[in-house]
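Beneath this line is the structure, given in structure tokens, with notes to follow.
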Amino acid sequence: GLSYRQSFTNRLFVDILKTYLELPENSDETLTKLRLEAMGEELFGPRKNEVIPYLAALLGLKLDEEAGTNLPTDPQFLQQRTFLAMGEWVEALVKRRSLIMVFEDLHWADPSSVKLIQYLLTLTVYNPVLMICVTRPERDTAFWEIKNQSSQHYSKNYEELILWPL
């Protein structure tokens, strides 16, 4: 699990992808692109060009002109396609083995990361994914509403553990 701050859009998922790609801290863009391309080939095969450009955009990578011009210019549509790409990445991983995703400090999560977690929660219904979400009991955070919705919409797959201060 990784902690993060509200000031970075999708920071949580940037860190998760970089960890999965086994990138050293402060790795350069060339190494990141190489590992992302290799992952794309391995996980998506001929469909890699439909997924990898969105994961690259999430990582803040400058794409080559051909790939960059194919990305949507509408921010909402780009976000939607990026969420779908992350969902496809998760589904590709669970085809190999069950997956546990740990999200810590969600009381500090940026709204975009919270929306992406909300989308990924839908994948837990049909895929062997365990999502562990850790947050403080602060009701005025972006994640709190998602927590409440999850307890209702995914009641068969949802379990809440409350840890009281020592």
Check: Out of curiosity, does Leu17 fall in the hydrophobic cluster containing Val14 (side-chain heavy atoms, cut-off under 4.5 Å, transitive links)?
Finding: yes

Check: Would you find more than 12 non-hydrogen atoms of other residues, nucleotides or ligands less than 6.0 Å from Glu160 atom CD?
Finding: yes

Margin query: Can you give me the closest heavy-atom contact between Ala57 and Leu71, atom names plus distance?
Written below: CB-CD1, 4.1 Å

Notebook entry, point to check: Where does the angle between the aromatic ring planes of Tyr20 and Trp89 fall among parallel (under 30°), tilted (30 to 60°) and perpendicular (over 60°)?
Noted result: perpendicular

Check: Got a sec, which residues hit ring pair (Phe, Tyr, Trp, His ring centres under 6.0 Å) with Tyr54, two or more places apart in sequence or on another chain?
Finding: none

Note to self: I'd like to know if the side chain of Arg81 and the backbone of Glu50 have a donor-acceptor N/O pair within less than 3.5 Å.
What the structure shows: yes

Margin query: Minimum heavy-atom separation for Tyr119 and Phe83, please, with both atom names.
Written below: CE2-O, 3.2 Å

Margin query: Test of understanding: with salt bridge (Lys or Arg N to Asp or Glu O under 4.0 Å), list the residues that count as partners of Glu25, not counting sequence neighbours.
Written below: none

Item checked: Interatomic spacing from CD in Glu29 to CG in Leu34 - rounded to 0.5 Å -> 11.0 Å

Next item on the list: For Ser98 and Val94, indicate whether the former's side chain and the latter's backbone hold a donor-acceptor pair under 3.5 Å.
Entry: no

Note to self: Is it the case that over 12 heavy atoms from other parts of the model lie below 6.0 angstrom from the NZ atom of Lys115?
What the structure shows: no

Checklist line | Phe143 to Cys133 - nearest heavy-atom pair and separation | finding: CZ-CB, 3.6 Å

Margin query: Can you list everything that forms a side-chain contact (heavy atoms from CB on, under 4.5 Å) with Glu138? Sequence neighbours excluded, please.
Written below: His107, Arg136, Asp140, Thr141

Checklist line | Gln80 and Gln76 side chains, donor-acceptor separation under 3.5 Å | finding: no

Notebook entry, point to check: Which pair of heavy atoms, one from Leu106 and one from Thr135, lies closest together, and at what distance?
Noted result: C-OG1, 3.8 Å

Next item on the list: Nearest 0.5 Å please: distance from the CG atom of Leu59 over to the CZ atom of Arg35.
Entry: 13.0 Å

Next item on the list: Evaluate side chain to side chain contact (heavy atoms under 4.5 Å, CB included) for Thr124 paired with Tyr158, printing each intermediate quantity in order.
Entry: CA-CA 10 Å; Thr124 65; Tyr158 179 88; over 6 Å; no

Note to self: Hydrophobic cluster membership, with links at side-chain heavy-atom distances under 4.5 Å among I/L/V/M/F/W/Y: are Leu43 and Leu99 in one?
What the structure shows: yes

